[in-house]
**Q** 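Sharing a structure, written as structure tokens. Questions coming.
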Protein chains: 2
Amino acid sequence: MKIVYSDDHNLHDGLLFPDGDTWGPSAECPARANNIAALFREEGFGDIIEPDIFPDGRITRLHTPDYLEFLKTAWTDWERSGANGSNARPEAFVGAGMRYAETENIVGKLGRYSFDATSPIVKGSWQAIRSSANVALTGAELVKGDARIAFSACRPPGHHAASNYCGGYCYLNNNALAAQSIIDGGARRVAVLDVDYHHGNGTQTLFYHRNDVMTLSLHADPLVEYPFFLGYADERGEGVGHGFNLNYPLPFGTGWDTYGDVLADALRQLQGFAPDALVLALGLDTFAGDPTTFFEIETQDFNKMGRVIGELGLPTLVVLEGGYSVDWIGQNTLEFLRGLEAA
Amino acid sequence: MKIVYSDDHNLHDGLLFPDGDTWGPSAECPARANNIAALFREEGFGDIIEPDIFPDGRITRLHTPDYLEFLKTAWTDWERSGANGSNARPEAFVGAGMRYAETENIVGKLGRYSFDATSPIVKGSWQAIRSSANVALTGAELVKGDARIAFSACRPPGHHAASNYCGGYCYLNNNALAAQSIIDGGARRVAVLDVDYHHGNGTQTLFYHRNDVMTLSLHADPLVEYPFFLGYADERGEGVGHGFNLNYPLPFGTGWDTYGDVLADALRQLQGFAPDALVLALGLDTFAGDPTTFFEIETQDFNKMGRVIGELGLPTLVVLEGGYSVDWIGQNTLEFLRGLEAA
């Protein structure tokens, strides 16, 4: 199995406020991807390769040109503005009844192009973000070729990002860009299955009006968990896309017994769609030991999860999303991929 | 002149991030109102009185009952959730294409009912917020009576708050509640003139479809200044409200020469409306020495500003909004009120 990975992700290392009133490192930290790569090397698992470089046209298939320009220039604009702080952050957002005004102020732009305050931009963010998209697109090329399975170790993650906004640690939607690339390569239908603990609101939004990409997501109920404002079961897609978005909100305390049953149902729906390929948005934050989770998935369960997904027999690109237990993210990812490969 | 003031405002004392990566006291701090009250006492200016208590029905004339309930319970919910931090804050907001879902999670609720991240809620916030509305409503009663001028020393301020969201240090829209109270007392028409450095987006939004309350605002151009997403000159009101909202966005560097001319134009428009009373949203953050401003209004200019507004000869309630130079806010407020009184 080819593992696509780049050290560029280390350039994105933002501060958040995880410890009450004190700024500290974001849970979405470089150690996540570094620990995966280190364990894979130690175990001799897979063949780690560098990403290829893809043109911006691959990004603007799903993201707006103005949003791309914002991401490219945000840090420089922040520095030039004399703003105080090592992390560029939004303050004000576009509230109900407000306008998507084309403000020239960088703090304003940060709000215009964000839906939350958890996605800071630091000096090296753009290079890491763009590289992460390349990691996903390289994985897509492998699956468009003769690879049955490939893994794109993306960082920063992508599934909360939509056409023109970042949020939830995400900037460009890596898994959606990969799915689009597979469609553009001639596939008639692609499924995106998201097993991250949090709803993949960006991916849902990007494909909500389409019937060539089916999006399915198992996640903590947004009634009680981030991202709160999308991810409910009655969101089924619109227009020709109606019926091609499936959400499985699950209660706190969900362990493999329940999760496995719901996953089996989702996989039946997915098979009915008869996709040519699968993009699997892999969040490891359902893990019982994850600092952000209220689910109870254990390490060995990720092996089972990989196995039942592998039994679909589809060309499958696995794209890394969340997972914040830096000590266990490597092992859990490995178990998932071993299960997928063994099926 | 009666000055309505309550020490309750001291209960609201939030942390923000004014100093780069370090949390620190918000610019909207207790010293603002305390320094005004102290200087007025020292100078023997006005007759300082406590606010009366008004029922929630006065608040729900403009704010939704669910938003009011949120404000009442947010701190308790935050504490019960085990959330970390002395200030309750939102993370995620309702982005484009998202739903105003009735999330049960307090972090979610904080985002549902906010348009920005600058309005933290601490243990005593609700008592201060509710008291601030009472301060404004007490002032309204004075002007509905025989007072020509009254001053409501409100803290926290209000003009950024709309029917169901806080933001920009504001929670309940004090000046709008006062205007509504004057209308409910039998006035046919009330004008709200906002001279804060920032656009009064909440006040505009609350009265945007009405022709009994005219809203006028002079402020820094939102193209380059907070709140970015409202406050442009082409926002004129809608439906029967068309023509009853006037915005005067002004460039950085604006001093009294320009400001005075634009104010004179606004006052002519206001006179054409022939209101029965005026609510004056007084922000002192146009002051050249204010840490947040790019305007150049000097202390003596506030006297002139008060004088030209006083020359309208309208029953006038002055409601305190922004102004972050704690050393000068008292003197600047005093100059404004002296000018108003002298006219």
**Q** Which one of A:Val107, A:Asn87, A:Asn164 has the most heavy-atom pairs closer than 4.5 Å to chain B?
**A** A:Val107

**Q** Mind ranking A:Ala101, A:Gly167, A:Gly111, A:Gly95 by heavy-atom pairs under 4.5 Å with chain B and telling me who comes out on top?
**A** A:Ala101

**Q** For B:Tyr165, is it the side chain, the backbone, both, or neither that has a heavy atom closer than 4.5 Å to a heavy atom of chain A?
**A** side chain

**Q** What heavy-atom pair brings B:Arg32 and B:Ala27 nearest, and what distance separates the two atoms?
**A**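 Closest pair (atom of B:Arg32, atom of B:Ala27, distance): CD-O, 3.5 Å.
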
**Q** Would you check if the distance from the ring center of A:Phe295 to the ring center of A:Tyr197 is below 6.0 Å?
**A**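 Yes, ring centres under 6.0 Å apart.
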
**Q** Sort and list the pairs that fulfil salt bridge (charged side-chain N to carboxylate O under 4.0 Å, His left out) and have at least one residue in residues 110-126 of chain B, not counting sequence neighbours.
**A**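 Those involving residues 110-126 of chain B are B:Asp66-B:Arg112.
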
**Q** Can you spot which of B:Leu62, B:Thr215, B:Leu177 makes a side chain to side chain contact (heavy atoms under 4.5 Å, CB included) with B:Leu206?
**A** B:Leu62

**Q** Please check: side-chain N/O of B:Thr258 versus main-chain N/O of B:Thr254, any donor-acceptor pairing under 3.5 Å?
**A**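 The answer is no, because no donor-acceptor pair under 3.5 Å joins these two groups.
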
**Q** Let me know if B:Glu102 has heavy atoms under 4.5 Å from chain A in its side chain, its backbone, both or neither.
**A** backbone

**Q** Is the CD atom of A:Glu79 crowded by more than 12 outside heavy atoms at less than 6.0 Å?
**A**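 Result for CD/A:Glu79: enclosed.
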
**Q** Between B:Phe93, B:Phe115, B:Tyr208, which residue shows the highest count of heavy-atom pairs closer than 4.5 Å to chain A?
**A**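 Between B:Phe93, B:Phe115, B:Tyr208, the count favours B:Phe93.
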
**Q** Among B:Asn175, B:Asn174, B:Thr203, find the residue that satisfies the side chain to side chain donor-acceptor pair (under 3.5 Å) test when tested with B:Glu321.
**A**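 That would be B:Asn175; it is the only one of B:Asn175, B:Asn174, B:Thr203 passing the side chain to side chain donor-acceptor pair (under 3.5 Å) with B:Glu321.
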
**Q** Sort B:Asp221 into side chain, backbone, both or neither according to what part of it lies under 4.5 angstrom from a heavy atom of chain A.
**A** neither

**Q** What residues of residues 226-247 of chain B sit under 4.5 Å from chain A when only non-hydrogen atoms are counted?
**A**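 The list, in residue order, reads B:Tyr226, B:Phe228, B:Phe229, B:Leu230, B:Tyr232, B:Asp234, B:Glu235.
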
**Q** So which heavy atom on B:Arg210 is nearest to which on B:Gln180, and how close?
**A**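 The pair with the smallest heavy-atom distance is NH1-OE1, 2.8 Å.
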
**Q** What part of B:Ala162 lies closer than 4.5 angstrom to a heavy atom of chain A: side chain, backbone, both or neither?
**A** neither

**Q** Any donor-acceptor pair under 3.5 Å linking the side-chain atoms of B:His63 with those of B:Asn173?
**A**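 There is no such pair between these side chains.
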
